[in-house]
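Keep in mind that this is a model prediction, so the values were computed, not measured. In each ligand, atom 1 is the first atom listed, and ligand 1 is the first ligand listed. Atoms considered below: every heavy atom in the structure, side chains included; atoms not considered: hydrogens, waters and symmetry mates.
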Amino acid sequence: MRTTSTLAVAALATPLALAQDSSSKRGLCYVDTKDSSTDDAIWDGSDSDLTWYYNYESTPTSGIDGSKLQFVPMQWGAPSSNTDMTFYNNVKSLIDGGSNITYVLGFNEPDGCANGGSCVDAQTAAQTWIREIEPLKKEYGVKLGAPAVTGSPNGFVWLQNFFTACAGKCSADFIPVHWYGDFQGLASHIGQVNGTYPNMTMWVTEYAYPEGNLEDSQDFYNQSASYLDRLNYVTHYSYFGAFRSSVSNVGPNAAMLTQKGELTDIGAWYLGQEATGHKPKGGSHSGAGQVAKFAGWAAVVVGAMMFLA
Ligand SMILES: *[C@@H]1O[C@H](CO)[C@@H](O)[C@H](O)[C@H]1NC(C)=O
Ligand SMILES: *[C@@H]1O[C@H](CO)[C@@H](O)[C@H](O)[C@H]1NC(C)=O
Ligand SMILES: *[C@@H]1O[C@H](CO)[C@@H](O)[C@H](O)[C@H]1NC(C)=O
Ligand SMILES: *[C@@H]1O[C@H](CO)[C@@H](O)[C@H](O)[C@H]1NC(C)=O
């Protein structure tokens, strides 16, 4: 790695002018909602600059064109059986079938045990990794993303326990990072991860400024996009907000789509387009069924709200 602290300081101090520019680092954190079948075409259309996606699963999303957005499989949690090979077999089938699988992601928020975290202890995660994930590297040269812990202090403890439990048999190639909070918090968290794992590249696979007003949410988006684009050791990032504002669990203003499924300004900028001026509106969060099938991320939002307070 050749990134220096000078670069980081420069990134922080640089004006926001390039926020709407495209970046090959950008991917889609795919969230399956009741409107997905209608909205999928937004992400892989010819005017979208996104290059990759993940959907918290080991198999691709049928509505997303894998020739446009490279699919990155994820082993979301630990299977109940310690001989289960579903993840390994699914990824092997994809590769054998000709899919260009060059990366996989480890567990999603294994340190989160409420509201959808995958809640896996470090020992079980290490055993599962050695059985199902590590062989993909040995046999196919796939690059491996470490477990994506929450942005809470406990996340660092869990990840260290995981590597200890691995006893050198889990050769992660990069560290996925999640953050919910303001921009200074994001930059500081990334710095702390870099300080802890100085020789690893990072993917920021979930991040957003939850429950902010529109201007602050856009300001956060602009600052973080510039920052992540300039930071050499962050090679990929995926903003958390690929859904309609009316079903958003991170507040309507963080969403990339309005309640009608149009791109918001943030959504348009993220895809490399000009601002749309479409204003997101919230839905009735008290109404059961509004928030559809979000995959294991709510725990981190709850954690982030404590940091915001
Ligand atoms: C990341 O960590 C490396 C190794 O400690 C350090 O040289 C580098 O300055 C850090 N990068 C930033 C942006 O802080
Ligand atoms: C497969 O994906 C990698 C990483 O994104 C890319 O560099 C490579 O060109 C792709 N290969 C093919 C055959 O598309
Ligand atoms: C990082 O890489 C450098 C140079 O290869 C090496 O000297 C150092 O020990 C590594 N640090 C860690 C924490 O692995
Ligand atoms: C964000 O960046 C866009 C595009 O550069 C700019 O038009 C907009 O005013 C910025 N918004 C904020 C709140 O910084």
| said: Considering non-hydrogen atoms of the protein only, which is the closest contact for atom 5 (O) of ligand 2, and what is the distance? | reply: Gln70 OE1, 2.8 Å

| Is ligand 4 less than 4.0 angstrom away from at least one heavy atom of Trp269? | yes

| Does atom 7 (O) of ligand 2 have a protein heavy-atom neighbour under 4.0 Å away? | no

| request: Considering the heavy atoms of Asn222, write down every atom of ligand 4 situated less than 4.0 Å from one of them. | output: 1 (C), 2 (O), 3 (C), 8 (C), 10 (C), 11 (N), 12 (C), 14 (O)

| query | With a cut-off of 4.0 Å, which atoms of ligand 4 are near a heavy atom of Glu215? | reply | 13 (C)

| message | Considering Val72, Thr51, Asn100 one by one, which has a heavy atom nearer to atom 2 (O) of ligand 2 than any of the others? | response | Asn100

| Tyr103 vs His236 aromatic rings, parallel, tilted or perpendicular, using cut-offs 30° and 60°? | perpendicular

| request: Run the numbers on Tyr207 and Phe240 for ring pair (Phe, Tyr, Trp, His ring centres under 6.0 Å), then give the verdict. | output: CA-CA 5 Å; Tyr207 72 103; Phe240 188 80; 9.7 Å; no

| said: Could you tell me if Asp96 and Tyr140 have a donor-acceptor pair between their side chains, going purely by distance under 3.5 Å? | reply: yes

| said: Under 4.0 Å from a heavy atom of Pro198: which atoms of ligand 1 are those, numbered in the order shown and with their elements? | reply: 4 (C), 5 (O)

| In ligand 1, which numbered atoms sit nearer than 4.0 Å to a non-hydrogen atom of Tyr233? | 11 (N), 12 (C), 13 (C)

| query | Any chance the side chains of Tyr209 and Gln223 put a donor and an acceptor closer than 3.5 Å? | reply | no

| Under 3.5 Å, N or O to N or O, is Tyr103 touching ligand 2 that way? | no

| field | Worked check of salt bridge (charged side-chain N to carboxylate O under 4.0 Å, His left out) between Arg131 and Asp84 | value | CA-CA 9 Å; Arg131 185 179 72 245; Asp84 187 288; 5.5 Å; no

| task | Please report the closest heavy-atom contact between Leu69 and Trp43, naming both atoms and the distance. | result | CD1-O, 3.8 Å

| Under 3.5 Å side-chain donor-acceptor pair for Thr128 and Gln75 | no

